[in-house]
Visitor: 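This structure is in structure tokens; I'll ask about it shortly.
Chain naming here is simple, since letters A, B, ... match the order of the sequence lines and numbering starts at 1 in each. Quantities reported herein were computed from a predicted structural model and do not represent experimental measurements. Scope of the values below: all heavy atoms of this structure, side chains included, with no hydrogens, waters or symmetry mates.
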Amino acid sequence: MPITTKKKFKSELLNILNERGFIHQTTNGDAIDKYFNSNEVIGYIGFDLTAKSLHVGSLLQIMLLKWLQEYNYKPIVLMGGGTTLIGDPSGKDESRKILDQNNIMMNQDGIFKVFKKFLNFDDKKIIIENNLDWLRDLNYITFLRDFGKHFTINRMLSFDSVKLRLDREQPLSFLEFNYMILQAYDFWELKKRHDCRLQLGGSDQWGNIINGIELIRRVDRSEAYGITTPLVTTSSGSKMGKTADGAIWLDEDLTNPHEFWQFWRNTDDKDVIRFIKLFTTLPMNEIQKLESLQGSELNEAKKILANEVTKNTHGNDIADLVHKSALETFEQKIISEKLPIFELNKKDCIDSIGLLALLVKVGFSKSNSDARKSILNGAIRINDHTISDPSLELSKSDISKLKLSFGKKKHILLNLGL
RNA sequence: GGAGGGGUGCCCGAGUGGUUAAAGGGGACGGGCUGUAAACCCGUUGGCUUAGCCUACGUUGGUUCAAAUCCAACCCCCUCCA
């Protein structure tokens with residue numbers, strides 16, 4: 001049975017993780033505590049390679065790995081090159097589309113880039129693995145005989161990821177059904193290769209983690225451990241990091257650092273302190289000071305959150321620039337030179353460009369119709385003046401250093417490029 | 001293989017020949033109020049050269065002046081039976 005962890009640990013790191021809200025469930029708390037105290041902890045988290053990079057939704061897991069390194073334990077990043085070929089049904093109410101190997105390889109590169117930003121890649125500090133290396137060559141019969149015998153269908157059917165699909169009368173293919181077995185096998189394989197005895201993951205991974213632990217117990221008669229993190233939702237109940245524009249990515253090419261900073265700055269009051277604990281490494285005594293903030297004072301905490309996370313993700317210089325740009329734009333209400341600059345291609349503006357086309361070009365609108373509606377809604381401003389005429393033409397000489405705004409929060413400076 | 005049920009916009013879901021670009025809700029976005037918050041109120045939510053036109057209700061054909069709605073075939077999903 002899952003044990004919800006409230007009590008104090010002997011291990012300092014576990015205490016910190018607990019205090020900061022990283023721990024949702026642990027397998028046998030005492031044993032984990034002992035493990036953390038007496039061994040070189042090697043813990044792994046698996047990452048799907050379903051997208052070209054990682055977004056804010058994965059940040060919690062990355063922070064966990066960071067904390068492990070902080071305490072001189074060794075994290076393993078497991079790239080799911082093999083399992084992504086199958087697709088994890090956990091938490092999904094319908095099948096994922098199946099990716100081909102080429103895409104997966106490209107995704108891996110993008111995702112790797114993110115880890116480089118957050119984690120220490122010095123020798124011996126981290127291990128990167130890809131489960132394709134061992135899953136690719138599995139022999140079906142051998143695998144079934146050696147490992148399949150340890151799994152009962154009865155038990156597999158009892159997992160939430162399976163039940164959800166069955167209850168909703170949605171299909172769960174045999175392919176996906178096998179995912180949990182392969183993830184259990186991954187754990188066993190990492191234990192064999194690196195003596196890794198700890199798997200971390202989101203709360204939706206609990207079942208998969210338990211499977212791995214049991215597999216290790218049955219095959220090797222040895223002990224392994226699991227910790228899950230809470231599913232981080234905003235107080236309005238939605239998953240972290242998803243907006244209408246798509247996810248908030250941890251890659252500056254996919255999500256502009258200005259937008260990234262704004263995402264954190266706009267955190268709901270009720271979430272700020274929780275997020276600072278989870279997504280920054282600010283010491284707890286400083287966080288405690290922030291906890292007493294009330295009402296609009298919380299805006300200070302939000303800025304700290306935004307600054308800290310942006311620093312970790314994009315570096316000090318960029319965080320600084322973006323912060324200043326926000327201060328100028330939102331507090332001093334001046335046209336900040338530090339806003340993101342959109343270079344308009346010269347051939348898109350021979351003599352002039354229509355506002356509708358421009359809005360689509362810079363990515364504020366998805367179509368001319370959409371742009372037209374936004375204008376009618378009063379969403380568009382140029383140099384802080386609301387524009388109401390959809391047929392507005394901007395001449396070439398107007399363009400330079402024009403501030404174009406969509407809503408209250410999206411601002412860019414236009415510049416005519418080459 | 002047999003019997004029944006079903007496939008509608010980002011999601012849920014109504015609609016069974018014309019008044020349907022498709023009710024209602026959710027989500028999202030914009031505006032107002034505020035603290036770049038929450039709550040609340042208002043608006044928008046297929047595309048275009050926007051008083052008009054075009055494309056859309058699993059796919060392809062058909063009936064009809066007119067189809068998401070009727071017919072046929074096919075594809076997919078669910079339940080029960082073999």
Side-chain angles (χ1 to χ4, degrees), chain A residues 89 91-95 97-98 162-176 233-248 258-276 290 293-307 310 322-334 336 338-340 353-357 359-360 362-382 384-393 403-412:
Chain A
K92 305 290 175 308
D93 38 19
E94 54 189 72
S95 307
K97 52 177 189 285
I98 294 177
V162 174
K163 272 200 302 200
L164 180 80
R165 288 285 185 85
L166 297 179
D167 290 350
R168 294 199 182 181
E169 302 189 344
Q170 276 156 340
L172 175 72
S173 67
F174 184 64
L175 178 79
E176 292 172 284
T233 52
T234 62
S235 16
S236 47
S238 56
K239 268 193 196 170
M240 275 290 289
K242 298 275 186 177
T243 69
D245 296 337
I248 301 293
H258 290 83
E259 195 188 332
F260 186 80
W261 194 92
Q262 285 300 324
F263 169 79
W264 295 102
R265 172 62 246 266
N266 288 309
T267 300
D268 190 302
D269 282 8
K270 297 197 268 306
D271 294 329
V272 196
I273 299 300
R274 186 163 56 106
F275 284 3
I276 289 179
L290 298 173
L293 295 176
Q294 294 292 321
S296 59
E297 293 172 343
L298 276 169
N299 285 337
E300 289 312 308
K302 291 183 192 180
K303 282 186 227 169
I304 290 170
L305 172 65
N307 281 334
T310 310
V322 170
H323 180 203
K324 283 187 182 135
S325 139
L327 289 180
E328 289 174 0
T329 304
F330 291 98
E331 296 186 13
Q332 298 166 30
K333 300 199 192 299
I334 59 174
S336 170
K338 300 180 184 69
L339 286 173
I353 182 167
L355 182 57
L356 297 179
L359 287 170
V360 174
V362 303
F364 284 170
S365 306
K366 64 180 177 9
S367 67
N368 281 7
S369 294
D370 190 35
R372 194 185 301 272
K373 283 164 192 155
S374 296
I375 292 169
L376 293 175
N377 276 331
I380 308 301
R381 273 164 302 141
I382 289 176
D384 294 333
H385 296 291
T386 305
I387 304 298
S388 55
D389 175 17
S391 62
L392 186 73
E393 285 278 323
K403 178 185 174 189
L404 183 65
S405 309
F406 180 90
K408 292 211 163 42
K409 288 171 192 166
K410 288 183 182 168
H411 309 275
I412 55 168

Visitor: Looking at rA37(B), I'd like to know if its phosphate oxygens (OP1 or OP2) sit under 4.0 Å from a side-chain N or O belonging to T267(A).
Guide: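 No, T267(A) has no side-chain N/O under 4.0 Å of OP1/OP2 on rA37(B).
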Visitor: Using purine N1 to pyrimidine N3 plus N6-O4 or O6-N4 for Watson-Crick, or N1-O2 and O6-N3 for G-U wobble, each under 3.5 Å, what pairs with rG17(B)?
Guide: none
Visitor: Reckon K373(A) has a side-chain N or O less than 4.0 Å from the OP1 or OP2 of rG47(B)?
Guide: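 K373(A) to rG47(B) OP1/OP2: side-chain N or O found under 4.0 Å.
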Visitor: Can you measure N368(A) atom CG to rU55(B) atom P for me and round it to whole angstrom units?
Guide: 19 Å
Visitor: Can you tell me the base-pairing partner of rC70(B)? Count Watson-Crick or G-U wobble geometry only, both distances below 3.5 Å, and say none if there is no partner.
Guide: rG62(B)
Visitor: Give the rounded distance in Å between these two atoms: NE2 of H323(A) and C1' of rU36(B).
Guide: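 Nearest whole value for this atom pair: 12 Å.
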Visitor: Rounding to an integer number of Å, can you tell me how far F364(A) CZ sits from rG30(B) C1'?
Guide: 13 Å
Visitor: With a 3.5 Å limit on both atom pairs, tell me what rU79(B) is paired to, counting Watson-Crick and G-U wobble, or say none.
Guide: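 Its partner is rA3(B).
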Visitor: Does OP1 or OP2 of rC29(B) have a side-chain N or O of K410(A) closer than 4.0 Å?
Guide: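 Looking at the OP1 and OP2 atoms of rC29(B), neither is under 4.0 Å from any side-chain N or O of K410(A).
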Visitor: So, does the side chain of E331(A) form a donor-acceptor pair with the base of rU36(B) at under 3.5 Å?
Guide: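 In this structure, the two groups form no donor-acceptor pair.
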Visitor: In whole Å, measure the gap between the C1' atoms of rA38(B) and rG5(B) for me.
Guide: 44 Å
Visitor: Nearest whole angstrom, please: distance from the P of rG30(B) to the NZ of K409(A).
Guide: 7 Å
Visitor: Could you give the distance separating rA51(B) and rG62(B) at their C1' atoms, to the nearest angstrom?
Guide: 37 Å
Visitor: Please tell me if K366(A) has a side-chain N or O lying less than 4.0 Å from either OP1 or OP2 of rG47(B).
Guide: yes
Visitor: Write down the distance separating the P atoms in rC11(B) and rG7(B), rounded off to the nearest Å.
Guide: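 So the two P atoms sit 14 Å from each other.
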Visitor: Could you let me know what rG35(B) is paired to, Watson-Crick or G-U wobble, both distances under 3.5 Å, or none if it's on its own?
Guide: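 Result: none.
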Visitor: Does rA23(B) have a Watson-Crick or wobble mate here (both distances under 3.5 Å), and if so which one?
Guide: none
Visitor: Can you check whether K302(A) reaches F275(A) side chain to side chain, under 4.5 Å on heavy atoms?
Guide: no
Visitor: Rounded to whole Å, how long is the line connecting atom CZ of F406(A) with atom P of rU45(B)?
Guide: 13 Å
Visitor: Look at S369(A) and rC48(B) and indicate whether a side-chain polar atom (N or O) is within less than 4.0 Å of OP1 or OP2.
Guide: yes
Visitor: Which value, in whole Å, describes the distance between the P atoms of nucleotides rU19(B) and rG13(B)?
Guide: 25 Å
Visitor: On a whole-Å scale, what distance lies between the P atoms belonging to rG15(B) and rU69(B)?
Guide: 15 Å
Visitor: Not counting sequence neighbours, which residues clear side-chain hydrogen bond (donor to acceptor under 3.5 Å, both in side chains) with E331(A)? List them please.
Guide: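 Expected list: K303(A).
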Visitor: May I ask you to verify whether the side chain of N299(A) and the base of rG35(B) hold a donor-acceptor pair under 3.5 Å?
Guide: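 Yes, a donor-acceptor pair under 3.5 Å.
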Visitor: Expressed in whole Å, how much space separates the P atoms belonging to rG6(B) and rU16(B)?
Guide: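 Comparing P positions in rG6(B) and rU16(B) gives a spacing of 13 Å.
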Visitor: Does rC29(B) have a Watson-Crick or wobble mate here (both distances under 3.5 Å), and if so which one?
Guide: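 rC29(B) is paired with rG43(B).
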Visitor: How close or far is atom P of rU36(B) from atom CG of D269(A), stated in whole angstroms?
Guide: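 Going from CG in D269(A) over to P in rU36(B) covers 12 Å.
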Visitor: Under 4.0 Å between a Lys/Arg side-chain N and an Asp/Glu carboxylate O for R274(A) and D271(A)?
Guide: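 Here R274(A) pairs with D271(A) in a salt bridge, since their nearest N and O are under 4.0 Å apart.
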